[in-house]
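Here the structure comes first, spelled out in structure tokens, and everything after it is commentary.
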Amino acid sequence: MSTRYPFTAVVGMDDLRLALLLNAVSPAVGGVLVRGEKGTAKSTAVRALAELLPAVPVVAGCRFSCDPASPDPACPDGPHDDAPGAERPARMVELPVGASEDRLVGALDIEKALAEGVKAFEPGLLAAAHRGILYVDEVNLLSDHLIDHLLDAAAMGASHVEREGVSVRHAARFLLVGTMNPEEGELRPQLLDRFGLTVEVAASRDPRQRVEVVRRRLAFEDDAAGFAARWAGEETALRERIVAARELLPQVTLGDAALLQIAATCAAFEVDGMRADIVMARTATALAAWAGRTEVTSEDVRQAALLALPHRRRRNPFDAPGIDEDKLDETLEQFKGQDQEPDEDPEPEPDGPGDGGPDGGGPGDGGPGGGPDGGGVPPQGDGPAAENSPAPEDTSVPEDSPAPEPAPQHAGAGAGAGERAAVKAAEPFRTRMLSVPGLGEGAAGRRSRARTEHGRTTGSVRPRGALTKLHLAATVQAAAPYQRARGRSGPGLVLRRDDLRQATREGREGNLVLFAVDASGSMAARQRMSAVKGAVLSLLLDAYQRRDKVGLVTFRGRDAEVALPPTSSVDAAAARLEQLPTGGRTPLSAGLLKAHDLLRIERLRDPSRRPLLVVVTDGRATGGRAAGDPVALAARAARLHAAEGTASVVVDCETGPVRLGLARELARELGGTAVTLDELRADSIAGLVKDVQAAAHVTRRAA
């Protein structure tokens, strides 16, 4: 067995270590989501935690890790009335992003179940993680159907496998830990809320701390066993402190004053639901136990809020997680020392219990690694570097400000290419459904029709390889004519491998939505470009919800550029869109050709993911680097997309009483459809249908 990097040897990352240790003290906190850039030792710290967890008492021989003190009465390996007990180390089970459903929830031997009527069940990763840690690296890239199973298990503490009348249920209570790089896409809100705590990590900018990281890592790689032995004392001390905190936890008192602060904080930050209040209460209690106290203080509540609320503050996928610490301090101070009972006489506010809180914003003696008995790792440098990194410059224009003046022309921008500053996008709205026609076979999503492993059953085929989705009726129909020849004498069905039929299913797939946005001078009027950006932002929100990949091509001046290569991170596309300046001519053909080249490359990389081209323009082609008629060049470039069968939509941005209809001509050359900004709104489509129905009703009555 390979030697793991010691937890106490991790340099810095105080918030991450604290969040993991609090979950080790109280698994009811609900797990940790670790967000951060690549190469910041997220996985190293999580894997090291498993070595610190106390041994788990289990029923000997039980594949589902039942507790001998209270075995699961519905355990598939039960009953365990007189079964002997044993101990095993705490497990950390890793869920690969590409795991199958059977690997996660377990697999049923369908052939044996049909032929013998026996529940032959092979436990999956959810069973292995029961009473341990379930770790998902790159959790934001996990398939939707696996996320659904995780949500169900996290909510109910059990996993259910239901297939063709065969039902298996087993306990599945685990500490869920996920790591992710936000640049690769965000997490579904439902799963995001299931993580009790969240922390942001980034590489330290302190040269001395970076030197220490490199020094320890090289020492570990040179002699892993020797390096681990040097930290064995600190690991043992930290493990003993976790055990002591667990034993103290039931004695910790969460007073009415602290509980009122928790409720007031959640209300002040307008978090959805009540899970945040419960998680904060459990976290504050664990903080007190970790510090060796039996009473929750105001500082515990504050630290709990910083860990439990940032990811619950996001109102849409493009909001960065975070919390206003000044507002937090004001709320805590306002409710400091107040009693929850409304019928008591008000008295002058005494000094709150928070005065005796831990120093430095951490529990006990300076956090999980501080103090003589805190694991032997003194705090090193500042907290996560994400807190110290400068915020991006705000280039947006306030709504009430005058239109920006044209910037001076830049060399190479083309004749008349006066650049205007970026404007703020209008408020996003719910868009109409845009999809790729036909039936695809791409990655599971929510946009276009596709053959998938999950969805409604449409037919059956002979299985190629392992059977995953049995079509029961087709299997019985295939086996029925041969029962007499096979010597069937009892009620059981005589089944052979050739009789099995795989169900074919139809669901939805995610697509590659490539935006080609016109940023030329004809689009540069402030209010108009604001509306255009609002429309693209709305489509990006729709792409996020439908699990698409997105890309962004912009064209203005004399050429086009790939502002964002195809990615799962729609918030990155939103950031590029927000910073997009406008001005100059309209090289429409260059934009279409750039999009064509990008789609050609993506077809080679991922041939199963079908593209949807969304061109946002008024259709007024006015030149570029290529010589010739700009309109004819744009039409020729559009026909390249049509020849390859690329599904396309043109968002017609032309406004005013006189319209040339050039965008609709472009849509015809692309072989796609055209919609105006108003028609793009889902509520506008619904209103249009209602108007047509009302007009038809009036016509019938007049007749």
Side-chain angles (χ1 to χ4, degrees), residues 182-183 185-189 313-321 392-399 401 404 420-435 445-447 510-520 523-556 561-582 591 595 612-618 649-655 663 675-685:
E183 294 177 355
E186 284 295 344
L187 200 58
R188 276 176 57 183
R313 286 275 299 140
R314 302 182 70 197
R315 315 316 292 179
N316 66 66
F318 307 137
D319 292 340
E393 182 181 354
D394 184 9
T395 58
S396 62
V397 178
E399 289 294 333
S401 65
R420 296 174 182 263
V423 299
K424 186 176 181 180
E427 193 69 22
F429 52 84
R430 190 168 64 91
T431 66
R432 62 179 290 186
M433 175 66 171
L434 304 177
S435 62
R446 293 177 178 161
R447 184 171 297 278
N511 298 109
L512 167 58
V513 182
L514 179 62
F515 294 92
V517 180
D518 184 350
S520 64
M523 302 279 288
R526 180 183 175 278
Q527 294 179 347
R528 185 178 180 188
M529 197 59 195
S530 177
V532 169
K533 285 188 175 183
V536 178
L537 188 64
S538 303
L539 290 168
L540 285 171
L541 279 167
D542 183 68
Y544 167 79
Q545 294 165 353
R546 300 189 187 281
R547 310 294 286 174
D548 295 317
K549 290 181 70 174
V550 297
L552 179 62
V553 171
T554 63
F555 51 96
R556 65 185 181 91
E561 65 173 346
V562 178
L564 182 71
T567 175
S568 297
S569 179
V570 294
D571 53 343
R576 301 291 174 87
L577 178 71
E578 197 70 27
Q579 300 167 6
L580 178 65
T582 57
L612 173 63
L613 175 64
V614 179
V615 184
V616 185
T617 182
D618 57 10
V649 176
V650 178
V651 179
D652 185 359
C653 303
E654 193 173 27
T655 58
V675 295
T676 65
L677 289 175
D678 289 336
E679 291 171 345
L680 190 61
R681 294 178 178 268
D683 50 1
S684 297
I685 297 296

Non-hydrogen atoms of Ala572 and Leu564 that approach each other most closely: C-CD2, 4.0 Å
Asp652 (side chain) donor-acceptor with Glu654 (main chain) under 3.5 angstrom: yes
Approximate separation, where rounding is to 0.5 Å, of Leu680 CG and Leu434 CG: 6.5 Å
pair Val651-Val614: side-chain heavy atoms closer than 4.5 Å: yes
Verdict with reasoning, Val550 to Leu540, per side chain to side chain contact (heavy atoms under 4.5 Å, CB included): CA-CA 8 Å; Val550 297; Leu540 285 171; 4.1 Å; yes
Gap separating the CG atom of Leu612 from the OG atom of Ser435, nearest 0.5 angstrom: 8.0 Å
Heavy-atom closest pair, residues Met433 and Arg446: CE-O, 4.1 Å
4.5 Å side-chain heavy-atom contact, Lys424 and Glu578: yes
Atom pair CG/CG of Asp548 and Leu514 - distance to nearest 0.5 Å: 12.0 Å
Note, Val615 side chain near Val649 side chain (heavy atom, < 4.5 Å): no
Spacing of OH belonging to Tyr544 relative to OG belonging to Ser568, to within rounding of 0.5 Å: 12.0 Å
Closest non-hydrogen atom pair between Leu512 and Gly551, with its separation: CD1-N, 4.4 Å
Sub-4.5 Å side-chain heavy-atom contact between Thr554 and Glu561: yes
Shortest non-hydrogen separation from Gly534 to Phe429 and the atoms involved: O-CE2, 4.3 Å
Atom pair CG/CZ of Asn511 and Arg547 - distance to nearest 0.5 Å: 13.5 Å
Check: Ala682 main-chain N/O paired with Arg432 side-chain donor or acceptor under 3.5 Å: no
Non-hydrogen side-chain atoms of Cys653 and Val616 separated by less than 4.5 Å: yes
4.5 Å side-chain heavy-atom contact, Leu580 and Met529: yes
Minimum heavy-atom distance Ala663-Thr617, with the two atoms named: CB-O, 4.1 Å
Smallest separation among heavy atoms of Leu552 and Ala573, with atom names: CD2-O, 4.3 Å
Carboxylate-amine/guanidinium proximity below 4.0 Å for Arg447 and Asp542: yes
Phe515 and Leu539: CA distance, side-chain angles, deciding distance, side chain to side chain contact (heavy atoms under 4.5 Å, CB included) verdict: CA-CA 9 Å; Phe515 294 92; Leu539 290 168; 3.6 Å; yes
Spacing of Arg681 atom CZ and Thr676 atom OG1 [to the nearest 0.5 Å]: 10.5 Å
Heavy-atom donor-acceptor pair, Gln579 side chain to Arg576 backbone, under 3.5 Å: no
Stepwise side chain to side chain donor-acceptor pair (under 3.5 Å) test for Asp518 and Ser520: CA-CA 6 Å; Asp518 184 350; Ser520 64; 2.7 Å; yes
